[in-house]
Amino acid sequence: MNQVETIIAVQKMQDYIEDHIYEEITLKQLSDVAGYSSWHTARIFKDLTGRTPFDYIRALRLTRAALVLRDEKRKIIDVALDFVFDSHEGFTRAFSKEFGLAPKRYSQNTPPIQLFMPERVFDTFRAMHHGGMNMIEKKTTKTVFVQIIERPARKVLLKRGIKATEYFAYCEEVGCDVWPMLTSVKEAIYEPIGMWLPEDLIKNGTSQYVQGVELPLDYNNAVPDGYELIDLPPSTMMIFQGEPYNDDDFMEAIGEIWEHIEKFDPNIYGYNWAPEAAPRFQLAPMGYRGYIEARPVVRVN
């Protein structure tokens, strides 16, 4: 059994779990999907995901349940039964162990929590074997959409790295579990972003690249350990959005936008670059919408 076969087998199991999250899932069902014995199925699943199939399914169900409790007015017992927990008590114990607070308390205050948002193992394998960022060899012409948006005064809940100037180095320094925490924040104005901070926002001994989520100025919920809340003034951002792409080609899609920005003259729109006015930011690369990145600008007098 080679590495690719193992990855494909575990990916099939992840897909099966996703499709049957509201149903009972047994190790026998997963082994049938993977095509291997129950013992071997459990071993390769833990090797690649870091969790046993049971722990993985439970954590995923608890995360989905937490999002329901965050966004909907539902009885806790109803949510528990939806996600295949036998009782209110069993759900409360599991939820408290996973997130550090009881579901009733969470539904009342909805503080940021560490959601379980597993990567697809095949996507992780593909990214690790895709090479670096020196990728622009294709000469095809693609459309890049450009627009101007105004960001209001706001707060940002962020986690700093040490020396990172880009995503992969940041993950090595602080781990790749920041995004699930940011995604849990109910008060978020927009989706989580990766940011390159201007010099005046970089603390000594911390990274230029960080991950965060923008919040209203009156945000007063909990700040998780290791995170920080800072203020950002209003800013003008120039947004660059590429064409939809195959998820296999996300590195090329990012590189194409970067190459376009390097050659772009914002004076076309009556603006100048303003790298110290606000963080440059990127949205999570998703093939269906194209890669999106924003750079701060100021209007030309």
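Numbering starts at 1 and runs along the sequence shown. Computed from heavy atoms alone, side chains included, the values below leave out hydrogens, waters and symmetry copies.
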- Item | Backbone of A59 reached by a side-chain donor or acceptor of T63 within 3.5 Å | yes
- Task: Determine, using the 4.5 Å side-chain heavy-atom cutoff (strictly less than), whether I189 and I193 are members of one ILVMFWY cluster.
- Result: no
- Check: P296 main-chain N/O paired with R280 side-chain donor or acceptor under 3.5 Å: no
- Query: So, do L232 and L201 sit near enough that their side-chain heavy atoms are less than 4.5 Å apart?
  - Reply: yes
- Do the non-hydrogen side-chain atoms of R64 and Y22 ever get within less than 4.5 Å of each other? no
- Are the aromatic rings of F45 and Y56 close, with centres under 6.0 Å apart? yes
- Item | Carboxylate-amine/guanidinium contact K263 E259, below 4.0 Å | yes
- Query: So do P152 and S235 actually touch side chain to side chain, heavy atoms under 4.5 Å?
  - Reply: no
- Task: Please tell me if the side chains of I113 and L101 come closer than 4.5 Å, counting only heavy atoms from C-beta onward.
- Result: yes
- Check whether any side-chain heavy atom of T183 lies under 4.5 Å from a side-chain heavy atom of V213, and answer yes or no. no
- Task: Decide salt bridge (charged side-chain N to carboxylate O under 4.0 Å, His left out) for R58 and D55; before the verdict, give the C-alpha distance in whole Å, the side-chain angles of both, and the deciding distance to 0.1 Å.
- Result: CA-CA 5 Å; R58 181 179 58 187; D55 288 342; 3.0 Å; yes
- Task: Quick one: closest heavy-atom pair of L217 and K155, and the distance?
- Result: O-CE, 2.9 Å
- Task: Any chance you could measure I17, atom CD1, to L30, atom CG, to the nearest 0.5 Å?
- Result: 5.0 Å
- Query: In terms of hydrophobic clustering (I, L, V, M, F, W, Y; side-chain heavy atoms under 4.5 Å; direct or indirect links), are V174 and Y227 co-clustered?
  - Reply: yes
- Query: Between CG of D47 and OG1 of T49, what distance do you get to the nearest 0.5 Å?
  - Reply: 8.5 Å
- Query: Does D247 reach the main-chain N or O of G287 with its side chain, forming a donor-acceptor pair under 3.5 Å?
  - Reply: yes
- Item | Within-4.5 Å side-chain heavy-atom neighbours: F91 and L62 | yes
- Inter-residue atom distance H20.NE2 - Q29.CD, 0.5 Å rounding: 7.5 Å
- Message: Could you measure the distance from the NZ atom of K186 to the CG atom of L215? Nearest 0.5 Å is fine.
- Response: 14.0 Å
- May I ask you to decide if K163's main-chain N or O and E173's side chain share a donor-acceptor pair within less than 3.5 Å? yes
- Contact check, side chains of W196 and P275, non-hydrogen atoms, under 4.5 Å: no
- Message: Between R154 (side chain only) and P233 (backbone N and O only), is there a donor and an acceptor less than 3.5 Å apart?
- Response: yes
- Can I268 be reached from F240 by stepping across I, L, V, M, F, W or Y side chains whose heavy atoms are under 4.5 Å apart? yes
- Message: Angle between ring planes, Y209 versus Y170, binned at 30° and 60°: parallel, tilted or perpendicular?
- Response: perpendicular
- Verify, without hydrogens or angle tests, whether E199 (side chain) and E276 (backbone) share a donor-acceptor contact under 3.5 angstrom. no
- Query: On the ring face of F264, is R295 found with NZ or CZ under 6.0 Å from the centre and within 45° of the axis?
  - Reply: no
- Message: Test your reading of the model: is there a side-chain donor-acceptor pair from Q14 to the backbone of E119, 3.5 Å cut-off?
- Response: yes
- Okay, side chain of R70, backbone of S184: is any donor-acceptor separation there less than 3.5 Å? yes
- Find out whether I8 and E5 are in side-chain contact, i.e. whether some heavy atom of one side chain is under 4.5 Å from a heavy atom of the other. no
- Item | Separation of L81 CG from D78 CG (nearest 0.5 Å) | 6.5 Å
- D177 (side chain) donor-acceptor with Q114 (main chain) under 3.5 angstrom: no
- Check whether any side-chain N or O of S107 sits under 3.5 Å from a backbone N or O of K104 as a donor-acceptor pair, and report yes or no. yes
- Message: Let me confirm one number: the CZ-CD1 distance from R160 to I202, rounded to the nearest 0.5 Å.
- Response: 8.0 Å
- Decide yes or no on side-chain hydrogen bond (donor to acceptor under 3.5 Å, both in side chains) for Q282 and Y291, but give the supporting numbers first. CA-CA 8 Å; Q282 62 180 175; Y291 176 65; 2.7 Å; yes
